[in-house]
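Notes for the one structure printed next.
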Amino acid sequence: MQRDKEAKYDHLSIEKKWRERWEGRGDYHIDLDNTRKPFYNLMMFPYPSAEGLHVGNVYAFTGSDIYGRFMKIKGYDVFEPIGFDAFGMHSENFALKKGMHPAELVPKNIANFRDNQLKMIGAMFDWPRQVDTTDPRYYKWTQWLFVQLFKYGLAYQDVAAVNWCPSCQTVLASEQVISGECERCKTEVTQKKMLQWFFRITRYAERLHKNLEWIDWSEITKSAQQNWIGRSEGAEIDFELAGMDDKLRVFTTRPDTVFGVTYMVLAPEHPIVDRITSSSQRPEVEKYLRETKAKTEQERIDEAGKKTGVFTGGYAVNPATGTLIPVWVADYVLIGYGTGAIMAVPAHDERDFEFAKTFDLPIVEVISPDGSSHQMAEAYTGEGVMVNSGEFNGINSREAIGVITRWFENHRKGTGKINYRLHDWCLSRQRYWGPPIPVIHCEKCGAQAVPEKDLPVLLPEMKDFRPDGSGKSPLNRNSEFVETTCPVCGGPAKRETDVMDNFLDSAWYFFRYPSTEFNDRPFDSERTGKWLPVDMYIGGNEHAVLHLLYTRFITMALKDMGFIEFEEPFKKFRAHGLIIKDGAKMSKSRGNVVNPDTFIKEYGADCFRTYLMFLGPYTQGGDFQDKGIMGVRRFYDRIFRLASDSPAHGEPEDKRFLALLHKTIRDVTGHIENLEYNTAIAFLMEFLNGLAKQNVIHKSSVEILVRLIAPFAPHLSEELWEMLGHTGSVFNSGWPVWDETKIVADTFQLVAQVNGKIRAAIEAPVGISKEDALALVESNENVTRFIEGKSVLKKIYVPGKLVNIVVQ
RNA sequence: GCCGGGAUGGCGGAACUGGUAGACGCACAAGACUUAAAAUCUUGGGAGCCCUCGGCUUGUACGGGUUCGAUUCCCGUUCCCGGCACCA
């Protein structure tokens, strides 16, 4: 054959052809009501940034799409929707920077994302069902969701210390503060006491924690949620205050150490500080409170370890010993956790120990590792035997936790208690670009939910949408929006002007996808019953305690309110890894950003997809190296040549080749199922290498290869499938099946070891007996060299694998 | 500090329930084709040593252990990534 006449893999025309054909035929817009094997394949929808699609997006979507296409070719009715998470500060801040209006910018970004980029990556998106969170037809239902939660008592307004981002000029949820900084702009967050809207996610803390035991999610994600929820078991104990009627309640995980309580500490913000402070101590206490208040979060973190505090002048009574103990105020106790007050056990808590050393407070050992008493040079936090603990002496401290808790319960001085680190979800934002909170404030009737018939509360068009730092949304400056009437009494009232956290938009979007055509309900119950929970969800782990926690909460709430019958939204969730470039994180400043468009144009989407997946295990990410993509391109070039070279009819007979063929089907199947795409691709390459070496290349073998690469290279496989004479889509051809019996070869490499060291590998028939195997090995020259003149202690035979001769 | 994940050639990475470490690919080298180059095809390789077919020694972050045999299991250590963190 003449080289220059050879058929050429022209990815540009092939990919265009199949994009158009899929769209024209509506291959991926499935009839949701007429399916036998529904499979909901979900990927985290993107926010349409002006910079365009990031390679990280492509990586995420491709991995998910490969799974979806694999299920499709296996015969499932795969629903693979996509949408745009377009509300929120990211879009708004960008619009501000560009001097544009988000209402004008966002549709442009979406169009660019969709038409120039997302449509090019070869995913089987069901476009007619796309969702845009800024569309009133969508956010009407986001507001509806708020109203339901409000009516159910899960949404409330309260004055609380909240996280304030001075740059974004809004409050944030604690999940959106990453080590003291705003998740969006990295500005240091400050604490402010403000009236805000919250969702009572803490009511679900135990369920959110408990279900982690059984949900099929990536371990890394579950562990992050576990840490975030921060469940800890212990007890709450009441301490009487000398000369006061009040009791001081504390939370502790170590009730077994109560005999060792030698003082107590209040958080500076604790309400009782004012009353307990004696007049002589008052100036000092007030000075300390002023100083702590002035400290930033960062200073407090930096100082962690150094203990500061002052004595209030007040005393409490140790409920176990009856002795008077001083009450201090110190900022190592946090108002936001437990009761904001602690019982201090310096002998058995490192922080209390340090504090006691600093201020010369008594240290009493009550848990001894060996039962004898010690000079305490540091806190002992392990378990041991109770000492100096009255009637409890001699008990193991771990046991004592339960015993003492019960003792307190019997004396009505305390109770077993589980504490969570999780806080309620602060939902309100003092910004413009979000769905308005659907609430009307009436002086007479209080805060009222906007009646459902009046939804959506449209986000008014405002030329000046700049946040003003007043603690209220820019909507507050729009009197036309603000002034309204009370839905209960009809009197004059004001609208709530804060908008909702855009994480609420994304907390329920997967409910909407299967029901996009219903405008009278957020989601149809029949559709939902058929399609949810989501079968497979893939996304980045940066949302482990944001989006992924909120979706679980919202799903549980929807169940409790009777809208749905399941409480976990995703049957399976897998976090994909991160993709880096030449060993380093991608960043604009480093100039090592991979532009997907360039690679898709140059090598084709199929190549790009496959290469991204070939970089490393999908759940762990990979290192992108520009040259590496050529390997994948060569792989597809070779397949293309093979298929266009009119392969022979008939079936291959070579047993070795058949073994390779069936093994490839088996291994590729298994590895795709586990999202180990890199190894699946390696097996495909190995198979091609084997196939190309055959004297006769059979069409049937090429067809199997084409079907196996289909999830990775959808356009190319369709083209090749057609070239091989088929009319329908390769995705309707079924996934190849393997025959286990064909994988077994006639012979194998019998490894011969002496004392565990390999001395030879001998071709031996499968099923060789132990005696024959030993004989074979012992007749090997290189083996005899090592056993000659030595006494044989043992002969080990592992069938089908090796013989090991142990000598001395 | 606690929790989770990880460390394997020049590089990205393979290795099932402990059984030939380095599959597959990149880069590299040699050869074939070519006037030449590109493309393509073939071959080669962890390191060190004897260097002759071939063989020996050594090698999966480090130090021990269990085992006939350890990248894999156990104990200890270092470093990297992610989560939580003065959370009582």
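Note on naming: letters A, B, ... go to the chains in the order of the sequence lines (proteins, then strands), and numbering restarts at 1 for each one.
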- Query: Taking only side-chain nitrogens and oxygens of A:Arg759, does any of them come within less than 4.0 Å of OP1 or OP2 of B:C56?
  - Reply: yes
- Message: Is it the case that the base of B:C86 and the side chain of A:Lys307 share a donor-acceptor contact (distance under 3.5 Å, atom types as modelled)?
- Response: yes
- Message: Checking understanding here: a glycosidic angle within 90° of 0 is syn, the rest anti, so what is B:G6?
- Response: anti
- Task: Give the ring-plane orientation class for A:His576 versus A:Tyr618, where under 30° counts as parallel, over 60° as perpendicular and anything between as tilted.
- Result: tilted
- Query: What parts of residues 541-551 of chain A reach RNA chain B, counting only heavy atoms under 4.0 Å away?
  - Reply: none
- Query: Base, backbone or nothing for each nucleotide of nucleotides 11-17 of chain B, written B, S, -, heavy atoms under 4.0 angstrom, 5' to 3'?
  - Reply: SBSS---
- Query: Rounding to the closest angstrom, what is the interatomic distance between B:G9 and B:G13 at atom P?
  - Reply: 11 Å
- Message: It should be established whether A:Arg634 places a side-chain nitrogen or oxygen under 4.0 Å from OP1 or OP2 of nucleotide B:U40.
- Response: yes
- Message: Could you tell me if A:Thr202 and A:Tyr420 have a donor-acceptor pair between their side chains, going purely by distance under 3.5 Å?
- Response: no
- Message: By the 4.0 Å heavy-atom rule, please label A:Glu686 as base, sugar-phosphate, or nothing.
- Response: sugar-phosphate
- Message: Without decimals, in angstroms, what is the distance between A:Met613 CE and B:C26 C1'?
- Response: 18 Å
- Whole-Å gap separating C1' (B:C68) and CG (A:Leu802): 10 Å
- How far apart are the closest heavy atoms of A:Arg552 and A:Leu212, and which atoms are they? NH1-CD2, 3.4 Å
- Query: CD1 of A:Ile796 versus P of B:G18: gap in Å, rounded?
  - Reply: 15 Å
- C1' spacing across the pair B:U20 / B:A15, given as an integer number of angstrom: 11 Å
- Task: Rounded to whole angstrom, note down the C1' distance from B:A27 over to B:G12.
- Result: 11 Å
- Taking the side chain of A:Ile342 as its heavy atoms from C-beta onward, which of B:A88, B:G19, B:U20 lies nearest to it? B:A88
- Task: Look at the rings of A:Phe573 and A:Trp217 and say which category their plane angle falls in: under 30° parallel, 30 to 60° tilted, over 60° perpendicular.
- Result: tilted
- Just how far, in rounded Å, is P of B:A88 from CG of A:Leu248? 18 Å
- Message: Check this one for me: any side-chain N or O of A:Arg421 less than 4.0 Å away from OP1 or OP2 of B:C84?
- Response: no
- Message: Can you measure A:Gln749 atom CD to B:G19 atom P for me and round it to whole angstrom units?
- Response: 17 Å
- Message: Would you say A:Lys627 places a side-chain N or O within less than 4.0 Å of OP1 or OP2 belonging to B:C26?
- Response: no
- Query: Looking at B:C56, B:G69, B:U58, which one has an atom nearest to any side-chain atom of A:Asn804?
  - Reply: B:G69
- Do A:Leu548 and A:Tyr550 touch side chain to side chain, with heavy atoms closer than 4.5 Å? no
- Is there a donor N/O on one and an acceptor N/O on the other, under 3.5 Å, for the side chain of A:Glu219 and the base of B:G5? no
- Message: Below the 4.0 Å mark, does B:U58 have OP1 or OP2 next to a side-chain nitrogen or oxygen of A:Lys757?
- Response: yes
- Message: Given B:C87, B:C68, B:C41, identify the nucleotide with an atom nearest to the side chain of A:Lys794.
- Response: B:C68
- Task: In plain terms, say whether A:Glu269 and A:Lys293 are close enough for a salt bridge, that is, a side-chain N and a carboxylate O under 4.0 Å apart.
- Result: no
- Message: What contact category does A:Asn689 fall into here, base, sugar-phosphate, or nothing, at under 4.0 angstrom with non-hydrogen atoms?
- Response: sugar-phosphate
- Message: Once side-chain contact (heavy atoms from CB on, under 4.5 Å) is applied, do any residues pair with A:Leu776, and if so which ones, sequence neighbours excluded?
- Response: A:Leu750, A:Ile762, A:Ala764, A:Ile768
- Query: Looking for any heavy atom pair under 4.0 Å, which part of the strands does A:Phe786 touch: base, sugar-phosphate only, or nothing?
  - Reply: sugar-phosphate
- Query: Does a side-chain N or O from A:Arg638 land closer than 4.0 Å to OP1 or OP2 of B:C41, or not?
  - Reply: yes
- Query: In terms of the angle between their ring planes, are A:Phe624 and A:Phe599 parallel, tilted or perpendicular, with boundaries placed at 30° and 60°?
  - Reply: perpendicular
- Return yes if a side-chain donor-acceptor contact under 3.5 Å exists between A:Asp331 and A:Thr292, otherwise no. no
- Message: Testing the basics here: between A:Val258 and A:Ala320, what is the closest heavy-atom pair and its distance to 0.1 Å?
- Response: CG1-CB, 3.8 Å
- For atom P, what is the distance between B:U71 and B:U57, given to the nearest Å? 16 Å
- Pairing partner of B:C86 (Watson-Crick or G-U wobble, both distances under 3.5 Å): none
- Message: Rounding to an integer number of Å, can you tell me how far A:Asp331 CG sits from B:C87 P?
- Response: 13 Å
- Task: Could you measure between the two C1' atoms, the one in B:G44 and the one in B:G10, and give it in whole Å?
- Result: 16 Å
- Query: Taking NE2 from A:His209 and C1' from B:G83, how many angstroms apart are they, rounded to a whole number?
  - Reply: 16 Å
- Item | Among B:U40, B:C24, B:C68, the nucleotide that comes nearest once only the side chain of A:Met685 is considered | B:C24
- Message: Is the distance between the ring centroids of A:Phe640 and A:Tyr636 under 6.0 Å?
- Response: no
- Query: Are side-chain N/O atoms of A:Glu354 and A:Tyr332 paired as donor and acceptor at under 3.5 Å?
  - Reply: no
- Message: Using whole Å, what does the distance between atom P of nucleotide B:G69 and atom NZ of A:Lys795 come to?
- Response: 18 Å
- Nearest to the side chain of A:Ala224 - B:A88, B:A21, B:G83? B:G83
- Nearest of B:C3, B:C24, B:G55 to any side-chain atom of A:Asn782? B:G55
